[in-house]
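Worksheet: the structure to be examined is printed underneath.
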Amino acid sequence: GGDRPPPRERLERGKPREPHDPKRKFVGTITKWDDDSGFGFISSWEAYKVYGKDVFVHKAQIGTVGGSSSMYAKRRRSEIRNGDTVSYTVDLAENPGKPRAYNVEKCATPPEGPISGEAELAKRRRLEAGLS
């Protein structure tokens, strides 16, 4: 077979392999969270396949589902920490190159456990794919 695996760089930096859907719900893990600044990233294999990177998350988007006002969101302390599992949607409206998380809600940790970052995740998946 002439199926040589693609070079590593092409796999990591290639074009999105799945279309962006602003209504699609992802589940991922909070990573690089900075409580003082109130932002971090969400790492998810499913989102990585679409955007090729971790998704930026700001505390203003956390737990504000159901029409709560932005004033309320600012008053409430965001109870998010690294390793938390959240569901969210992704929008590219603010900056096409920087996916941002919206409708962020904490949820139960998936059976496969938390994901600690984009590079580790992509590497692990590639290792698994290579073994099978």
Side-chain angles (χ1 to χ4, degrees):
D3 263 3
R4 296 220 326 278
R8 206 169 283 181
E9 293 75 31
R10 194 159 302 149
L11 190 71
E12 302 298 345
R13 287 275 160 253
K15 285 203 171 63
R17 279 160 283 180
E18 295 179 19
H20 161 62
D21 177 1
K23 291 188 288 291
R24 181 175 175 185
K25 275 274 195 189
F26 294 101
V27 174
T29 307
I30 297 287
T31 178
K32 305 193 195 86
W33 180 257
D34 182 335
D35 219 28
D36 295 331
S37 308
F39 63 81
F41 292 86
I42 306 175
S43 195
S44 158
W45 175 242
E46 292 306 314
Y48 187 90
K49 285 192 288 190
V50 181
Y51 305 104
K53 58 176 69 173
D54 288 348
V55 175
F56 177 85
V57 58
H58 190 272
K59 69 179 174 197
Q61 310 304 337
I62 293 166
T64 58
V65 179
S68 50
S69 73
S70 54
M71 282 305 296
Y72 176 68
K74 285 196 186 73
R75 266 209 317 277
R76 208 175 57 169
R77 184 126 175 86
S78 62
E79 298 187 20
I80 284 285
R81 50 186 58 88
N82 282 312
D84 279 354
T85 301
V86 294
S87 67
Y88 60 102
T89 60
V90 177
D91 207 308
L92 298 171
E94 299 208 22
N95 183 334
K98 290 209 173 76
R100 285 182 73 127
Y102 289 85
N103 305 309
V104 180
E105 295 178 284
K106 279 173 77 165
C107 58
T109 305
E112 58 268 26
I115 289 151
S116 66
E118 52 193 359
E120 181 218 55
L121 178 64
K123 190 171 67 187
R124 192 171 25 173
R125 292 289 166 154
R126 199 159 50 230
L127 286 174
E128 285 173 9
L131 291 174
S132 58

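Start at 1 with the first residue, then count along the sequence.
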Where is the tightest heavy-atom contact between Cys107 and Ser87, given as atom of each residue plus distance? SG-N, 3.7 Å
Any Ile30 side-chain heavy atom under 4.5 Å of Ile42 side chain: yes
At their closest point, which heavy atom of Ala47 faces which heavy atom of Val55, and how far apart are they? CB-CG2, 4.2 Å
Honestly curious: do Phe41 and Val86 fall in one hydrophobic cluster under the side-chain, below-4.5 Å linking rule? no
Assess the residue pair Tyr88 and Ile62 against the criterion (side-chain contact (heavy atoms from CB on, under 4.5 Å)); give the C-alpha distance rounded to whole Å, side-chain angles, the decisive distance to 0.1 Å, and a yes or no. CA-CA 9 Å; Tyr88 60 102; Ile62 293 166; over 6 Å; no
Sort out for me which residue in Thr29, Asp54, Thr31 forms a side chain to side chain donor-acceptor pair (under 3.5 Å) with Ser43. Asp54
So NZ of Lys59 and CG of Asp35: to nearest 0.5 Å the spacing works out to 8.0 Å
How close do Pro99 and Lys53 get, heavy atom to heavy atom, and via which atoms? CD-CD, 3.6 Å
If you count the non-hydrogen atoms of other residues, nucleotides and ligands that lie under 6.0 Å from NZ in Lys98, is the total more than 12? no
The remaining residues in the hydrophobic cluster of Tyr102, counting side-chain heavy-atom contacts under 4.5 Å among Ile, Leu, Val, Met, Phe, Trp and Tyr, are none
Residues at least two apart in sequence or cross-chain that pass side-chain hydrogen bond (donor to acceptor under 3.5 Å, both in side chains) with His58, listed by chain then number, are none
Partner of Thr89 under side chain to side chain contact (heavy atoms under 4.5 Å, CB included), picked from Arg24, Gln61, Lys25, is Lys25
Starting from Phe39, can I reach Phe26 by hopping between I/L/V/M/F/W/Y residues whose side chains sit under 4.5 Å apart? no
Between Gly28 and Ser44 the two heavy atoms that sit nearest each other are CA-CB, 3.8 Å
OH-CD distance between Tyr51 and Glu46, expressed to the nearest 0.5 angstrom: 11.5 Å
Looking at CG of Asp91 and CG of Asp21, how far apart are the two atoms once the value is rounded to the nearest 0.5 Å? 10.5 Å
Under a single-linkage definition using a 4.5 Å side-chain heavy-atom cutoff for Ile, Leu, Val, Met, Phe, Trp and Tyr, are Val104 and Leu92 assigned to the same hydrophobic cluster? yes
